[in-house]
Colleague: 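Sharing a structure with you now.
None of the values given here were measured: they were computed from a predicted structure.
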Amino acid sequence: LEIREKYESLDYSELIKARDTIFKSLMAYERSERQGIRPFEDWSADKTPDMIYKDNLEKLTLILEIMNSRYDRNTLMINVKNPDEQLVFIRNVIWSFDMSMSDEFRQTAIKMLNDLIKEGNADAINIQGAMYFEGVGVEEDKKKAFRLYRKAAKLGSSLAMSNVGYCYLDGIGTKQNYELAFNNFSMAVHHGEWDAFSALGDMYLNGIYVP
């Protein structure tokens with residue numbers, strides 16, 4: 001009962017770590033058994049390797065049972081208080097092509113996204129822009145996507161800066177403007193956005209706005 005309470009107090013990511021630690025111990029025991037390695041000091045202890053192996057099997061079974069019971073009713077492996085983990089979860093759900101994913105699961109991601117947007121999270125606003133750009137979960141609207149990208153860029157999202165650059169470069173959702181494309185790609189590069197490095201390189205390679 002004490003062990004069950006201990007594991008039930010852990011969040012999903014902590015359960016994964018506990019599961020992996022126990023699994024490694026089980027594998028180590030089985031490897032030593034196959035090789036016939038049995039150090040005397042291990043077998044003279046109060047708990048022999050056999051007893052520890054049995055205990056670990058029971059713990060592993062318990063952990064998997066607890067994980068399984070939480071799998072569908074939670075936001076899975078994320079810390080809901082951590083915006084960065086929330087954003088990873090949101091992206092994975094929104095851009096997932098797994099049609100077996102439950103509606104409740106998607107609704108959780110959308111609610112989380114909307115909450116972050118209300119808080120002024122730049123990356124969340126950029127995701128919403130991408131949804132309108134691609135028509136995922138909403139009706140496609142390139143102009144609205146551009147407005148959201150620009151808003152997210154002003155709030156500091158480097159990916160949004162890059163997205164604004166692409167919109168200006170190709171005239172999507174706004175008028176084509178090579179100077180503004182160059183400026184936005186440059187800002188994104190300054191913030192370390194890898195995608196913008198490639199875009200800026202292409203502008204120099206093809207002599208677009210720059211020599």
Colleague: Is it the case that atom CZ in Phe23 sees more than 12 heavy atoms from other parts of the structure closer than 6.0 Å?
Modeller: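 Open.
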Colleague: Do Val164 and Phe197 share a hydrophobic cluster (ILVMFWY, side-chain heavy atoms under 4.5 Å, transitive)?
Modeller: no
Colleague: Might you point out which heavy atoms bring Ile66 and Arg4 nearest each other, and give the distance in Å?
Modeller: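 Closest approach of Ile66 to Arg4: CD1-O, 4.3 Å.
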Colleague: Working to the nearest 0.5 Å, report the span between CG of Leu60 and CG of Asp55.
Modeller: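 Answer rounded to 0.5 Å: 12.5 Å.
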Colleague: Count I, L, V, M, F, W, Y as connected when their side-chain heavy atoms are under 4.5 Å apart, and connections chain through other members. Are Leu200 and Met187 then in the same cluster?
Modeller: no
Colleague: For Lys142 and Phe133, indicate whether the former's side chain and the latter's backbone hold a donor-acceptor pair under 3.5 Å.
Modeller: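 Looks like yes, one N/O pair under 3.5 Å.
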Colleague: Of the non-hydrogen atoms in Pro83 and Asn121, which two are nearest, and what is the gap between them?
Modeller: CB-ND2, 4.3 Å
Colleague: Should Val189 and Tyr178 be counted in the same cluster of Ile, Leu, Val, Met, Phe, Trp and Tyr side chains packed under 4.5 Å apart?
Modeller: yes
Colleague: Measuring from Glu179:CD to Asn183:CG, what's the distance to the nearest 0.5 Å?
Modeller: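 Reported to 0.5 Å precision, the distance equals 5.5 Å.
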Colleague: What distance do Glu30 atom CD and Ser25 atom OG have between them, rounded to the nearest 0.5 Å?
Modeller: 10.0 Å
Colleague: Taking the side chain as C-beta and beyond, is there a heavy-atom pair between Lys59 and Lys6 under 4.5 Å?
Modeller: no
Colleague: Are Val88 and Trp194 joined in one hydrophobic group, where the rule is that I, L, V, M, F, W and Y side chains link up if heavy atoms are under 4.5 Å apart?
Modeller: no
Colleague: Is there side-chain contact between Arg150 and Lys154, with heavy atoms separated by less than 4.5 Å?
Modeller: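 Yes - at least one pair of side-chain heavy atoms lies under 4.5 Å apart.
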Colleague: Is Leu113 reachable from Leu148 through a run of I, L, V, M, F, W or Y residues, each pair having side-chain heavy atoms under 4.5 Å apart?
Modeller: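 Leu148 and Leu113: one cluster.
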Colleague: With the side chain counted from C-beta on, respond yes when Leu169 and Ile208 share a heavy-atom pair under 4.5 Å apart, and no when they do not.
Modeller: yes
Colleague: Rounded to the nearest 0.5 Å, what separation is found between the CD atom of Gln86 and the CG atom of Asp115?
Modeller: 8.0 Å
Colleague: Report yes if the side chains of Ile52 and Tyr29 come closer than 4.5 Å at any heavy-atom pair, otherwise no.
Modeller: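 Answer no - side chains too far apart.
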Colleague: Compute the centroid of each ring, for Tyr132 and then for Phe146, and state whether the two points are separated by less than 6.0 Å.
Modeller: no
Colleague: Do Glu193 and Met161 touch side chain to side chain, with heavy atoms closer than 4.5 Å?
Modeller: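 Contact flag for Glu193/Met161 side chains = no.
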Colleague: Judged by atom type as modelled, is there a donor-acceptor pair below 3.5 Å linking the side chain of Glu14 to the main-chain atoms of Asp11?
Modeller: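 Checked: pair present.
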Colleague: So, do Lys151 and Ile117 sit near enough that their side-chain heavy atoms are less than 4.5 Å apart?
Modeller: no
Colleague: Kindly give the heavy-atom pair with the smallest separation between Ala109 and Ile90, and that separation in Å.
Modeller: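 That closest heavy-atom pairing would be O-CG1, 3.7 Å.
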Colleague: With Asn163, which of Asn126, Asn184, Asp195 fulfils side-chain hydrogen bond (donor to acceptor under 3.5 Å, both in side chains)?
Modeller: Asn126
Colleague: Among Tyr204, Tyr168, Phe182, Phe185, find the residue that satisfies the ring-ring contact (aromatic ring centres under 6.0 Å, His included) test when tested with Tyr209.
Modeller: Phe182
Colleague: So how far is it from Met131 CE to Gln128 CD, rounded to the nearest 0.5 Å?
Modeller: 7.0 Å
Colleague: Using a 4.5 Å cut-off on heavy atoms from C-beta on, say whether the side chain of Tyr166 contacts that of Tyr149.
Modeller: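 No; the side chains remain at least 4.5 Å from each other.
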Colleague: Within this structure, what is the CD1-CE distance for the pair Ile94 and Met112, rounded to the nearest 0.5 Å?
Modeller: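 Taking CD1 in Ile94 and CE in Met112, the distance rounds to 10.5 Å.
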Colleague: Identify the heavy atoms of Ala160 and Ala152 that sit nearest to each other, and give their distance.
Modeller: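 Taking Ala160 first and Ala152 second, the nearest heavy atoms are CB-CB, 3.5 Å.
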Colleague: Any non-hydrogen side-chain atom of Ile127 less than 4.5 Å from a side-chain atom of Leu116?
Modeller: no
Colleague: Asn56 and Ile22: which non-hydrogen atoms are nearest, and at how many Å?
Modeller: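 Closest approach of Asn56 to Ile22: O-CG2, 3.5 Å.
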Colleague: Tell me the closest heavy-atom pair linking Ser158 and Ala188, and the distance in Å.
Modeller: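 What the structure gives for the nearest pair is O-CB, 3.6 Å.
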Colleague: State plainly whether the residues Glu139 and Lys144 are in salt-bridge range, i.e. N to O under 4.0 Å.
Modeller: no
